[in-house]
Amino acid sequence: MERINKPDLNIARKRTKYEVETTVYEDAKNIKDIGKNKKYMIQTHGCQANEADTEVIRGLLEGQGFLPTTVLEECDLIIINTCAIRENAENKVFGELGRLKSYKRINPNLIIAVAGCMPQEEDVVERIMKKYPHVDLVFGTHNIDKIIEYIDYVMKEHKQLIEVYSKQGDIVEHLPQVRENRFKAWVNIMFGCDEFCTYCIVPYTRGRERSRQKQYIIEEIQKLIEQGYKEITLLGQNVNSYGLDFVDEKYDFADLLDDLAKLDIPRIKFTTSHPKDFSDKLIDVIAKYDNIMPFIHLPVQSGSNSVLKKMNRKYTKEQYLNLVERIYNKIPNVSLTTDIIVAFPGETNEDFLETLDLVDKSKFEGAYTFIYSPRKGTPAASYKNDITPEEAKQRLYKLNELVNEGYLRGNKRFENKTVKVLVEGFSKTNETMLSGYTENNKLVNFEGDESLIGQIIEVYVEKAKTWSLDGRVVR
Ligand code: 5AD
Ligand code: SF4
């Protein structure tokens with residue numbers, strides 16, 4: 001029996017209103033211990049949504065006895081959890097798939113799987129079928145809960161299995177998870193995106209916006225508190241539209257955050273916010289609670305009204321700056337960061353200067369900056385684009401210079417001050433030092449005893465650099 005079910009962007013684009021159903025995960029029937037004496041590795045690309053998905057995949061695999069490894073030669077199963085947001089992310093995955101082929105000579109039973117956002121694209125699946133026959137399993141973002149059944153099929157039938165749903169499923173609760181970090185946890189509050197910014201593939205790869213019911217979110221966070229977690233990051237492509245899909249309940253993101261902040265969790269943050277839905281009610285909730293971190297990631301994408309319109313962002317530069325001002329007024333200590341795309345089709349030099357002006361006025365303390373990358377199937381992919389790659393790189397370079405000044409300025413604010421740090425472990429760049437993040441999400445390095453790991457402690461900041469702070473533990 002062949003199992004090939006390819007994606008369809010036309011179906012993925014559709015938004016039909018229906019009430020989202022929540023089901024509870026049940027173990028795959030009649031499949032037991034298929035991972036016994038077997039080892040797996042997952043390579044995760046892209047955003048936190050993928051990192052959170054990887055933790056579910058790990059939970060499902062380890063429930064069947066699979067053990068994690070970091071050694072490719074030992075693997076019985078390799079999963080690449082992919083990102084589709086820009087072309088270079090995809091090229092990396094194809095490169096990696098080519099390299100992985102040789103490991104099948106070491107272990108002929110090795111299963112190679114491609115998961116995540118790339119399988120949701122028609123072209124990608126065609127290319128894998130034509131050029132990468134050594135890929136055994138391809139599945140998308142809507143059917144992660146079925147992975148055990150798929151692996152069982154591939155192990156028994158020795159055939160390629162491609163199963164991608166283009167119409168999003170409902171919400172599956174109580175999926176097992178093996179979390180990467182012991183103190184900081186991701187908690188999805190919603191899935192999908194209905195914004196359809198014209199450059200973006202996410203509404204196609206992650207489907208319609210679906211909010212998790214509040215009781216499941218609270219239940220998950222309460223368990224994390226019991227396990228000693230100190231920081232929760234609430235996840236959604238646009239957390240500000242949380243709850244808009246509820247049929248007979250009026251309960252929005254500000255309400256949810258207000259309820260969650262009352263739980264006994266030292267730190268809560270959230271990502272990502274869409275500026276158009278960022279309400280004053282939400283600003284008030286953030287200002288009200290000490291355990292909501294004064295850190296907001298607020299993607300602006302461009303400072304030019306004409307580009308924002310072509311991007312379908314639904315706000316103007318002036319509205320964005322007004323929102324930023326309201327946030328600074330109510331939460332004076334806040335650190336704002338953003339995402340910016342340069343060289344969107346039709347962006348003139350004047351448009352770009354508007355972006356620089358907005359960055360300057362917004363006093364961002366960090367930004368992810370990108371050169372526009374056309375994504376097949378999105379509206380902007382057919383817009384005329386005559387910006388040369390050299391010009392695009394020049395703009396990115398200029399923007400980054402300004403953005404980096406913001407990183408340093410943001411860090412300098414804390415020089416000669418005492419900050420609270422969640423100690424995560426030894427520094428990645430210097431193993432004799434500890435490191436962790438402040439409430440404003442600033443990285444701090446300091447000397448200290450291993451026993452501090454996992455605690456929130458006070459650190460005096462002696463020096464601010466562009467990318468980190470140097471401090472010493474306050475006795
Ligand atoms: N090209 C470049 N950057 C993109 N982003 C999303 N789609 C594209 C694209 N096609 C950026 C946006 C978004 C971030 C996650 O990735 O800035 O906020
Ligand atoms: Fe993409 Fe826009 Fe949705 Fe963000 S809000 S995921 S940029 S479509």
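Read the numbers this way: they start at 1 and go in the same order the structure lists the ligands and their atoms. Positions are given from 1, in the same order as the sequence printed here. Just so it is clear, the model here is predicted, and its values are computed rather than measured.
- Centroid-to-centroid, the aromatic rings of Phe270 and His297 stay 6.0 Å apart or farther.
- The shortest non-hydrogen separation linking Ile265 to Leu260 is CG2-O, 4.2 Å.
- Of the heavy atoms in Pro299, none comes closer than 4.0 Å to ligand 2.
- Judged by distance alone, the side chains of Asn305 and Glu318 do bring a donor and an acceptor atom under 3.5 Å apart.
- Residue contacts with ligand 2 for Arg313 involve side-chain atoms from C-beta outward but no N, CA, C or O (heavy atoms, distance under 4.0 Å).
- In terms of polar-atom proximity, defined here as any N/O pair under 3.5 Å, Ser373 does make such a contact with ligand 1.
- The single protein non-hydrogen atom nearest to atom 7 (N) of ligand 1 is Tyr199 CD1, 3.3 Å, given as residue, atom name and distance.
- The shortest heavy-atom contact between Lys269 and Glu231 is NZ-OE2, 3.2 Å.
- Taking the side chain as every heavy atom from C-beta outward, Leu235 and Val187 never approach each other to under 4.5 Å.
- Ring to ring, Tyr165 and Phe139 are not that close: their centroids are 6.0 angstrom or more apart.
- Between His274 and Tyr315, the two ring planes are perpendicular [angle over 60°; tilted spans 30° to 60°].
- Here Asp258 does not pair with Lys281 in a salt bridge; the nearest charged N to carboxylate O distance is not below 4.0 Å.
- Between His142 and Phe191, the gap from one ring centroid to the other reaches at least 6.0 Å.
- Judged by distance alone, the side chains of Ser427 and Asn430 never bring a donor and an acceptor atom under 3.5 Å apart.
- Which parts of ligand 2 touch Glu195 is read off a 4.0 Å heavy-atom cut-off, strictly below it: atoms 3 (Fe), 5 (S).
- Atoms of ligand 1 found under 4.0 Å from any heavy atom of Ile371, numbered from 1 in the order shown, are 2 (C).
- Ring geometry, Phe246 versus Tyr242: the interplanar angle exceeds 60°, so the pair is classed perpendicular (tilted spans 30 to 60°).
- The N/O atoms of Arg375, backbone and side chain alike, include none that comes under 3.5 Å of an N/O atom in ligand 1.
- Short contacts between ligand 1 and Tyr372, defined as distances under 4.0 Å to a heavy atom of the residue, involve ligand atoms 1 (N), 2 (C).
- Scanning all protein heavy atoms for the shortest distance to atom 4 (C) of ligand 1 gives Arg86 NH1, 3.4 Å.
- Looking only at heavy atoms of the protein, atom 17 (O) of ligand 1 is closest to Gln301 OE1, 2.7 Å.
- Per-residue contacts place Pro203 under 4.0 angstrom from the following atoms of ligand 2 (heavy atoms of the residue considered): 8 (S).
- The shortest contact between atom 7 (S) of ligand 2 and any protein heavy atom is with Tyr199 OH, 3.3 Å.
- Here the heavy atom of the protein found nearest to atom 4 (Fe) of ligand 2 is Gln237 O, 4.4 Å.
- Ligand 2 lies out of reach of Arg206, whose nearest heavy atom is not under 4.0 Å from it.
- Contacts with ligand 2 closer than 4.0 Å are made by heavy atoms of both the backbone and the side chain of Cys197.
- Contacts between Val202 and ligand 2 below 4.0 angstrom, taking non-hydrogen atoms only, involve the side chain exclusively.
- Taking atom 15 (C) of ligand 1 as the reference point, the nearest protein heavy-atom neighbour is Asp339 OD2, 3.8 Å.
- Contact annotation: Cys200 places no N, O or S atom under 2.8 Å from atom 2 (Fe) of ligand 2.
- Aromatic ring centres of Phe364 and Tyr407 lie farther apart than the 6.0 Å criterion allows.
- Those atoms of ligand 1 with a heavy atom of Ile341 less than 4.0 angstrom away are 3 (N), 4 (C), 5 (N), 12 (C), 17 (O).
- Atom 3 (Fe) of ligand 2 has its closest protein heavy atom at Cys193 SG, 2.3 Å.
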